[in-house]
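Take a look at the structure below.
Everything quoted here is computed from the prediction, not taken from an experiment. Note on naming: letters A, B, ... go to the chains in the order of the sequence lines (proteins, then strands), and numbering restarts at 1 for each one. For the numbers below, each heavy atom of this structure counts, side chains included, while hydrogens, waters and symmetry mates do not.
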There are 2 protein chains.
Amino acid sequence: MVVAVTDQGPSILTVGQGSALPSGPFELGHRSLQSGLRAWVEEQTGHQLGYIEQLYTFADSDRIGEQRQQRVISISYLALTRAEQAAGPAQRAWRRWYDFFPWEDCRAGIPPMIGEILQPRLLAWADGASNDQVKRERRQRAAAGFGWDGHAWNEELVLQRYEQLYEAGLIEEAMRGPRPGVSLPIPGIAMTADHRRILATGIARLRSKIKYRPVVFELMPPVFTLLQLQRTVEALSGRLLHKPNFRRLIEQQELVEETGETTADTVGRPAKLFRFRHAVLDERVVSGMKLPLSRS
Amino acid sequence: MVVAVTDQGPSILTVGQGSALPSGPFELGHRSLQSGLRAWVEEQTGHQLGYIEQLYTFADSDRIGEQRQQRVISISYLALTRAEQAAGPAQRAWRRWYDFFPWEDCRAGIPPMIGEILQPRLLAWADGASNDQVKRERRQRAAAGFGWDGHAWNEELVLQRYEQLYEAGLIEEAMRGPRPGVSLPIPGIAMTADHRRILATGIARLRSKIKYRPVVFELMPPVFTLLQLQRTVEALSGRLLHKPNFRRLIEQQELVEETGETTADTVGRPAKLFRFRHAVLDERVVSGMKLPLSRS
DNA sequence: GATATTATACTCATTTAGAGAATAATTGGA
DNA sequence: TCCAATTATTCTCTAAATGAGTATAATATC
């Protein structure tokens, strides 16, 4: 899962009409999992990867839509890359990640589809349970996951939400196989095999990790304004942040330093330009950035 | 990596004279990775696993001490089990985890071996670097990892510390292979292949996870006192906690409820007994327990 | 009945987080 | 030229969480 952030928001690199993640078999020629990964991504997309981290290893034969005889083990990785890199010939292969998870973007408030589509269908699914115990437990889980009944929205629960929608049979991928679904899937682009699950895992990991490691900077250009940084974090986490408090956090932690320059091309007061202080990576075990959430 | 906590402290289940973790190949008969895992552990140790979570997938041929021709992919898991389960015929296979990582137990203060053995050898290794840039970077990393030069001790850096000691050639496992080490390895029991690395990964994961998910309770008996709970957390994290504040945190979060009973067998005032409120797992996404560290 | 020992409850200062107001430096147009 | 609009930046205030220590309670032992 290769991520970059553009004006379009967070996007991922896809192959095959945008429905699959770049991937390939681990072969004897590969020195390590990571080098094999880099080779496949470069071959399939022309992209050189920078920061990568392992996500999860899947081997559920019932989830990948393949024959039971074949044993496929998928070792998934998350890669972060800069928007500049994202340009070029392969550009059409980038797709916004919220196209796959429309319910995960709460920057303009909780998306109406959650109340209008997901809630009724999840409640219907809960009511379809055989006994009251299970019914209650399903409703409870849905409420905690989607922020109903006084539960706060938690942007990190991407995978739990996806899995619950899958379990409820509302996701297109869950309708495949011998017993195809009878109803329409909910909005959100489906993917090959369990690639959308890998995506959900990666988004969850990234949303969690930006809070305790300074990984956002892997997605930023070398020089940026604090608002650009904030917008990137907001795009990833799917929530709006409180500007002055975001500033305070960033400066307190000394994650960035001024370049001395300011932006020229903007409307309004020009903003100072900053760069990431790479030195912090050695100096200390860096304690990412907590998100100063904003109501509005 | 199967973990239980006894009076002896945190222990892990081993096979083969205590130098290897239970493991086995993923076969066609296994429904999933998890079920294959459970089958192997039960066969090799007689133990039924409860809570498990995936750790990491390794495939570095140079780290497992095997032939280059053979491609082994190790998918490692962390399992938590109760001390009761730990008794029985397989008992001798349990080993304290600090026997493998003596530098990780700071409950009685920073272990002297860090200053007496690790520091001089790590600094010597740093000075052996070819140029000043690398020298400085190595010293910096060691200081941040082991808490020198005003850096605070961070109990979560288990893997980083192990990897650095490995890189410096101080770990027995790093002295194997074609070019055997010339000097003595530092204290700490070595293991087969890269099993000690898996252990380091698991300890790090657990130390981090107890802070944001209520996983400690997987290691507790059904009923316990708050001090027993505290001692367990301390044993895992390798640090002492501030008793009143620990109490406050636990009760604030309503993770436990009183059973109404008290302990009889103790010296001093009898302690109330508590049990884990399993309901919290449904009610909300539980926000583990932050560690109220103590100086003394 | 004093003392040791452990449990439990409270207090206080400091830091951090959440929210909003005030001020500064631009551009674009009246 | 001056005013509105726009964005950047700095401050202030309040509430909550954290870190540390003290006080009180209930038991066993001598």
Side-chain angles (χ1 to χ4, degrees), chain A residues 7 106 109 152-155 210-212 223-234 237 239-275 286-296, chain B residues 7 152-155 210-212 223-234 237 239-275 286-296:
Chain A
D7 326 319
C106 299
W153 177 260
N154 182 338
E155 74 279 357
I210 46 176
K211 292 179 189 166
Y212 63 92
V223 155
F224 47 84
T225 69
L226 291 183
L227 186 59
Q228 284 167 348
L229 183 63
Q230 183 182 340
R231 293 286 176 245
T232 302
V233 175
E234 287 176 338
S237 65
R239 313 189 62 164
L240 292 181
L241 305 180
H242 185 277
K243 193 150 87 166
N245 292 351
F246 179 77
R247 240 177 142 59
R248 178 171 65 187
L249 278 180
I250 297 297
E251 299 195 317
Q252 259 173 15
Q253 299 182 111
E254 300 181 285
L255 292 173
V256 297
E257 60 190 4
E258 299 185 14
T259 64
E261 315 268 288
T262 56
T263 46
D265 52 328
T266 58
V267 177
R269 176 174 171 174
K272 289 181 193 163
L273 286 169
F274 292 83
R275 74 170 70 87
V286 201
S287 54
M289 59 185 52
K290 296 173 190 149
L291 303 191
L293 296 177
S294 162
R295 273 207 203 131
S296 52
Chain B
D7 327 318
W153 177 261
N154 182 338
E155 73 278 358
I210 46 177
K211 292 181 189 165
Y212 63 92
V223 155
F224 48 84
T225 69
L226 290 184
L227 187 59
Q228 284 167 350
L229 183 63
Q230 182 183 341
R231 292 286 176 247
T232 303
V233 175
E234 287 176 337
S237 63
R239 314 189 61 164
L240 293 181
L241 305 180
H242 185 276
K243 194 151 87 164
N245 291 351
F246 179 77
R247 242 178 139 58
R248 178 173 63 188
L249 277 180
I250 298 297
E251 300 194 318
Q252 260 174 14
Q253 298 182 111
E254 300 180 285
L255 291 173
V256 298
E257 61 190 4
E258 299 186 14
T259 64
E261 315 268 287
T262 56
T263 46
D265 53 327
T266 59
V267 177
R269 175 173 173 177
K272 290 183 191 159
L273 286 170
F274 292 83
R275 74 169 71 87
V286 201
S287 52
M289 57 186 51
K290 295 168 191 153
L291 303 190
L293 297 175
S294 162
R295 272 205 204 135
S296 53

(message) From CG of B:Leu249 over to P of D:dA16, roughly how many Å is that when rounded to an integer?
(response) 17 Å
(request) Mind checking the CZ-CG spacing from B:Arg247 to B:Leu241? Nearest 0.5 Å is all I need. (result) 13.5 Å
(message) With rounding to the nearest 0.5 angstrom, report the CG to CG distance, A:Leu273 to A:Leu226.
(response) 9.5 Å
(request) Taking the side chain as every heavy atom from C-beta outward, state whether B:Glu234 and B:Arg231 have any atom pair closer than 4.5 Å. (result) yes
(message) So, does B:Lys243 get its side chain near the phosphate of C:dT8, meaning an N or O under 4.0 Å from OP1 or OP2?
(response) no
(request) Return the value, rounded to whole Å, for the distance between atom CD of A:Glu258 and atom C1' of D:dT9. (result) 11 Å
(request) Supply the atom-to-atom distance A:Leu249 CG to A:Phe246 CZ, rounded to the nearest 0.5 angstrom. (result) 8.0 Å
(message) From CZ of A:Phe224 over to P of D:dA8, roughly how many Å is that when rounded to an integer?
(response) 14 Å
(request) In whole angstrom, give the distance that lies between atom CG of A:Leu241 and atom C1' of C:dA19. (result) 14 Å
(message) By nearest heavy atom, map A:Lys272 and A:Arg248 onto DNA chain D; which one lands nearer the 5' end?
(response) A:Lys272
(request) Round to the nearest Å and state the distance from B:Leu240 atom CG to D:dA20 atom P. (result) 13 Å
(message) By nearest heavy atom, map A:Pro244 and A:Gly268 onto DNA chain C; which one lands nearer the 5' end?
(response) A:Pro244
(message) Rounded to whole Å, please give me the gap between CD in A:Glu261 and P in D:dA8.
(response) 17 Å
(request) Grab the CG-P distance between A:Asn245 and D:dA15 for me, whole Å please. (result) 16 Å
(request) Provide, to the nearest angstrom, the distance between the CG atom belonging to B:Leu227 and the P atom belonging to C:dA7. (result) 5 Å
(request) Ignoring backbone atoms, establish whether B:Arg269 has a side-chain N or O less than 4.0 Å from OP1 or OP2 of D:dA25. (result) no
(message) Nearest to the side chain of B:His242, heavy atoms from C-beta on, is which of D:dA20, D:dA8, C:dA17?
(response) D:dA20
